[in-house]
A.B. asks: 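First, the structure itself, so that you have it in front of you.
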Amino acid sequence: MREFTTDILVIGGGAAGLSAAAEAASAGAGVIIAESDLHLGGQLVKQTHKFFGSRDEYAGTRGYKIAGILMAELDEKGKNALSMTSTTVTGYYPEDGMFTAMRGEESYIGIRAQRCVVASGAQERIIPFVNNDIPGVYGAGAVQTLMNLYGVRPGNRALMIGAGNIGLIVSYQLMQAGVEVAAVAEAMPKVGGYWVHAAKIRRLGVPILLRHSIKEALGERAVEGAVIAELDDKFAPTGAEKRIECDIICLAVGLSPTTEILSHAGCRMSYVPQLCGFAPLRDRTMRTSNPSFWCAGDASGIEEASAAMIEGRIAGLCAARSLGFDADMEKLDEYWSRLDHLRAGEAGEKIRAGIAKVLRGRWED
Amino acid sequence: MSDSDRDIVVCRCEEITLGEIREWIDRGYDTVNELKRMLRAGMGPCQGRGCQDIIMREISGRRGVPLDQTEPGTVRPPVKPIKTSLLASGGE
């Protein structure tokens, strides 16, 4: 088995992982980034819309350009950082201190690292409804990848399930790709995403049906329509149903953190609804209960890309520092003030409550 | 249990339906690990990434136990399928 050795292994080359790697490499640490996809950038590479948030996190810049900025920063570090794409870290074996990874489908390698930053992102949730396994039922993120990355139009007329930011943004991008959007159905009594995204698709005449969920996908071999059902205050069907004509159904019903490697490492986890699943306990340096493991981005709890980039910076900085590299720890307070800024106000209420459940004082060294 | 539960696939990899999950929870197999052993739910290529959340919600709802006190399944390497020929050759 071919073995690689490095100071810090960063699992995931998306918003959080690239930031962690850039920060750690800047401090002088050797870094390997393992990215399961064919390219670095994670979800950023298909975000064609401009980001909100703050200037420090590239507000006003389109997501795929932010990916470019982070990759250029990493390129400057030259030999300190090695990127491996098409590389899935498949396991961590504590007794050997060894990570294993698949490179492509035909190569199985070992990676020895003194520290690890888990920035493995998230996966799309699916929900149970009749016929949810027929072709034409997609995750909204998958549809976004098909359109914005591969230039494939997924269908002619879409039903979007979920009016959070992903559901709203992808609905707009479907229309940009020439796909009609029949409706957006949302189980909650109000729109979950930013008002500006909702207003954009309402202006184009797309109905947003609140208190509605999908009951059934119609069609034998592929989606030929859908039945949606109205819900009451307790999310039980009222009996009122509507048939929607569509050939694709997009599910934008949330994400859950991808945390397998943290589990292999024995990191203490907690189920936190506000973070959308099992999330690792961590201190202010993003260190987990396993002193060799840090976490960042959606793998540490579902939030959004701006926060993921700052968490990545914190994890990379502190992981490098723990190995004695010359990391400027004054940056830690600055990064936290940026995070606090992003999480301020009513919009940040949920995430603040979630973080409070997993944040611990400094782990004993 | 409604007939339509038989048409709702929960574990896509192993083609396990909501009807089967509910039936086996009611028989007393009310943890993710037990359902995995009895039905193979969560043992396919995605290793439960898609279905574990749904199964935990079903267990929580049918047993009246809050979701945050419902145990997830044991997580073991590898996280995705690896050809046995690669393991047999020591990964060369």
Side-chain angles (χ1 to χ4, degrees), chain A residues 1-3 11 36 88-94 98-110 120 122-134 137 139 215-217 227 251 253-267 269-273 276-278 357, chain B residues 2-22 32 41-42 44-61 65-92:
Chain A
M1 176 188 257
R2 189 161 174 214
E3 270 186 40
I11 302 178
S36 62
T88 304
V89 175
T90 50
Y92 172 66
Y93 298 84
M98 170 85 101
F99 296 85
T100 55
M102 288 286 290
R103 295 193 81 180
E105 294 298 322
E106 299 299 337
S107 173
Y108 189 52
I109 61 168
S120 44
Q123 60 225 29
E124 295 200 271
R125 242 184 213 159
I126 55 171
I127 47 172
F129 55 89
V130 174
N131 271 336
N132 63 351
D133 61 329
I134 59 175
V137 180
K215 185 187 174 202
E216 183 173 358
V227 178
L251 303 179
V253 291
L255 305 170
S256 21
T258 302
T259 57
E260 286 100 333
I261 300 297
L262 292 165
S263 295
H264 297 174
C267 302
M269 314 282 284
S270 181
Y271 188 90
V272 182
C276 306
F278 285 92
K357 289 185 181 173
Chain B
S2 72
D3 282 347
S4 64
D5 290 351
R6 300 274 169 206
D7 296 326
I8 299 177
V9 173
V10 169
C11 168
R12 295 181 187 210
C13 301
E14 299 289 330
E15 299 187 338
I16 311 298
T17 66
L18 187 61
E20 285 171 279
I21 298 284
R22 289 185 169 170
V32 173
C46 93
Q47 290 288 294
R49 283 184 176 191
C51 65
Q52 174 163 290
D53 190 68
I54 300 172
I55 293 173
M56 283 180 57
R57 281 167 200 274
E58 284 301 315
I59 293 169
S60 162
V65 179
L67 200 51
D68 60 3
Q69 287 164 36
T70 307
E71 281 287 309
T74 310
V75 183
R76 295 185 186 86
V79 303
K80 71 169 211 174
I82 298 170
K83 290 180 182 174
T84 43
S85 59
L86 284 173
L87 295 174
S89 61
E92 291 304 319

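Sequence lines set the chain letters: A, B, ... in the order given, protein chains first and strands last, and positions in each chain run from 1. Atoms considered below: every heavy atom in the structure, side chains included; atoms not considered: hydrogens, waters and symmetry mates.
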A.B. asks: In terms of heavy-atom contacts, does NZ of Lys215(A) have more than 12 from other residues, nucleotides or ligands at under 6.0 Å?
C.D. replies: no
A.B. asks: Val89(A) and Val79(B): which non-hydrogen atoms are nearest, and at how many Å?
C.D. replies: O-CG2, 3.5 Å
A.B. asks: What part of Glu105(A) is in contact with chain B, defined as an atom under 4.5 angstrom from a non-hydrogen atom: side chain, backbone, both or neither?
C.D. replies: both
A.B. asks: Kindly give the heavy-atom pair with the smallest separation between Gly91(A) and Pro77(B), and that separation in Å.
C.D. replies: CA-CB, 3.8 Å
A.B. asks: Let me know if Arg57(B) has heavy atoms under 4.5 Å from chain A in its side chain, its backbone, both or neither.
C.D. replies: side chain
A.B. asks: Got a second to check how far Leu86(B)'s CG is from Ile109(A)'s CD1, nearest 0.5 Å?
C.D. replies: 12.0 Å
A.B. asks: If I take atom CD1 from residue Ile127(A) and atom CD1 from residue Ile8(B), how far apart are they, to the nearest 0.5 angstrom?
C.D. replies: 10.0 Å
A.B. asks: Any chance you could measure Phe278(A), atom CZ, to Asp53(B), atom CG, to the nearest 0.5 Å?
C.D. replies: 9.0 Å
A.B. asks: List the residues meeting ring pair (Phe, Tyr, Trp, His ring centres under 6.0 Å) with Tyr92(A), not counting sequence neighbours, and say none if there are none.
C.D. replies: Phe99(A), Phe293(A)
A.B. asks: Show the nearest heavy-atom pair for residues Ile54(B) and Ile126(A), with the distance to one decimal.
C.D. replies: CD1-O, 3.6 Å
A.B. asks: Do you know the tightest heavy-atom contact between Arg12(B) and Val137(A)?
C.D. replies: NH2-CG1, 4.5 Å
A.B. asks: By a 4.5 Å heavy-atom criterion (distance strictly below it), what part of Thr17(B) contacts chain A: side chain, backbone, both, or neither?
C.D. replies: neither
A.B. asks: Go through the atoms of Val272(A) and report whether side chain, backbone, both or neither lie under 4.5 Å from a heavy atom of chain B.
C.D. replies: neither
A.B. asks: Using residues 45-52 of chain B as the side-chain source, report each donor-acceptor pair under 3.5 Å to any protein atom, sequence neighbours left out, with the distance given to one decimal.
C.D. replies:
from	atom 1	to	atom 2	distance (Å)
Gln47(B)	NE2	Gly44(B)	O	3.0
Arg49(B)	NE	Glu260(A)	OE2	2.8
Arg49(B)	NH2	Glu260(A)	OE1	3.3
Arg49(B)	NH2	Glu260(A)	OE2	3.4
Gln52(B)	OE1	Gly73(B)	N	3.1

A.B. asks: Need one label for Ser256(A): side chain, backbone, both or neither, based on atoms under 4.5 Å from any heavy atom in chain B.
C.D. replies: neither
A.B. asks: Okay, side chain of Asp68(B), backbone of Pro273(A): is any donor-acceptor separation there less than 3.5 Å?
C.D. replies: no
A.B. asks: Taking all non-hydrogen atoms of both residues into account, name the closest pair between Tyr108(A) and Ile82(B) and its distance.
C.D. replies: CE1-CD1, 3.4 Å
A.B. asks: Looking only at heavy atoms and a cut-off of under 4.5 Å, which of Met269(A), His264(A), Gln123(A) has the most pairs with chain B?
C.D. replies: His264(A)
A.B. asks: Please classify the contact between Thr258(A) and chain B as side chain, backbone, both or neither, with a heavy-atom cut-off of under 4.5 Å.
C.D. replies: side chain
